[in-house]
Amino acid sequence: MFALFCLLFSATAVDGRIVPKGAVTFEGTELTAEGLIAVGEVASLMKAHPDWKVTVRAHTDSQGSGAYNLKVSQDRAELVADVLIDQGVPRRHVDYEGLGETEPIASNGTDEGRQQNRRVEFVLR
């Protein structure tokens, strides 16, 4: 199941998480056109597999205060979850959480690392 999800969405499995490769992007607090397309693909796949449930997990880099980053990540996770629901995924199949800067996957000391840390994950549960 994870392999199929990864293949369709150019994502990789990392420690049991599904991590899109830059597909879910934001301009401030709004999804970009590219981000909307990526979330729509996730919604389509979930509707094709009605037993699947997902937790949307949003992360930030360490720029800014911890409280600010937590709020940004919570808002983004909720927005992505709302888009999934708006596109027909049952509400009971979608959870979300913002984790701020607490789970980096790369160094926050470089632009590349910070870019990797700003991510949205779709974790099948």
Side-chain angles (χ1 to χ4, degrees):
M1 178 166 59
F2 283 134
L4 173 64
F5 192 83
C6 291
L7 179 65
L8 289 173
F9 301 108
S10 299
T12 57
V14 178
D15 297 329
R17 298 172 292 161
I18 304 304
V19 183
K21 295 291 187 186
V24 180
T25 56
F26 296 86
E27 183 68 38
T29 59
E30 298 299 319
L31 283 164
T32 63
E34 178 185 15
L36 284 170
I37 290 168
V39 176
E41 291 172 353
V42 173
S44 294
L45 184 60
M46 289 192 67
K47 289 187 292 186
H49 297 88
D51 57 323
W52 285 11
K53 296 179 182 175
V54 69
T55 299
V56 177
R57 301 178 81 215
H59 304 266
T60 66
D61 60 28
S62 65
Q63 301 294 101
S65 73
Y68 174 79
N69 288 333
L70 183 59
K71 172 82 169 110
V72 166
S73 67
Q74 289 169 337
D75 290 348
R76 288 179 174 179
E78 183 176 15
L79 174 62
V80 171
D82 287 345
V83 171
L84 287 172
I85 293 162
D86 288 346
Q87 293 189 9
V89 177
R91 172 67 188 110
R92 67 186 180 281
H93 288 217
V94 181
D95 286 329
Y96 64 90
E97 61 185 340
L99 297 162
E101 61 190 66
T102 62
E103 294 184 6
I105 58 171
S107 170
N108 277 301
T110 66
D111 288 340
E112 285 179 6
R114 286 188 295 275
Q115 183 177 7
Q116 290 176 22
N117 290 332
R118 294 186 301 266
R119 67 196 188 280
V120 172
E121 300 169 330
F122 299 93
V123 180
L124 295 173
R125 49 184 173 84

Spatial distance of atom CG (L124) from atom CG (D51) [nearest 0.5 Å] | 10.0 Å

Report yes or no: do L36 and I85 belong to one cluster of Ile/Leu/Val/Met/Phe/Trp/Tyr joined by side chain heavy-atom distances under 4.5 Å?
-> yes

L70 side, atom CG; L99 side, atom CG - distance, nearest 0.5 Å | 8.0 Å

When rounded to the nearest 0.5 angstrom, what is the spacing between NE2 in H93 and CE in M46?
-> 7.5 Å

Which atom names give the shortest non-hydrogen contact between G100 and S73, and what distance separates them?
-> N-OG, 2.7 Å

So, H59 versus E103: side-chain donor-acceptor pair below 3.5 Å or not?
-> no

Under a 4.5 Å cut-off applied to non-hydrogen side-chain atoms, are V120 and F26 in contact?
-> yes

Shortest non-hydrogen contact from Y96 toward A77 | CB-O, 3.7 Å

Would you call F122 and V24 a side-chain contact if the rule is heavy atoms closer than 4.5 Å?
-> yes

Check whether any side-chain heavy atom of N117 lies under 4.5 Å from a side-chain heavy atom of I105, and answer yes or no.
-> yes

Minimum heavy-atom distance G109-S107, with the two atoms named | N-OG, 2.9 Å

Is there side-chain contact between V123 and R125, with at least one heavy-atom pair below 4.5 Å?
-> no

Using the side-chain contact (heavy atoms from CB on, under 4.5 Å) rule, take V54 and L84 through it: C-alpha gap first, then chi angles, then the decisive distance, then the call.
-> CA-CA 10 Å; V54 69; L84 287 172; 4.1 Å; yes

Between V39 and the options V89, V56, V80, L79, the side chain to side chain contact (heavy atoms under 4.5 Å, CB included) test singles out V80

Can you tell me how far the CD atom of E101 sits from the CZ atom of R114, to the nearest 0.5 Å?
-> 12.0 Å

Partner of D61 by side-chain hydrogen bond (donor to acceptor under 3.5 Å, both in side chains), out of Q115, R118, Q116 | R118

Output for pair (R92 CZ, K53 NZ), nearest 0.5 Å, gives 7.5 Å

Rounded to the nearest 0.5 Å, how far apart are CD of E97 and CD of E121?
-> 9.0 Å

Please tell me if the side chains of T32 and E30 come closer than 4.5 Å, counting only heavy atoms from C-beta onward.
-> no

On a heavy-atom basis, the closest approach of R76 and A58 is CB-CB, 4.3 Å

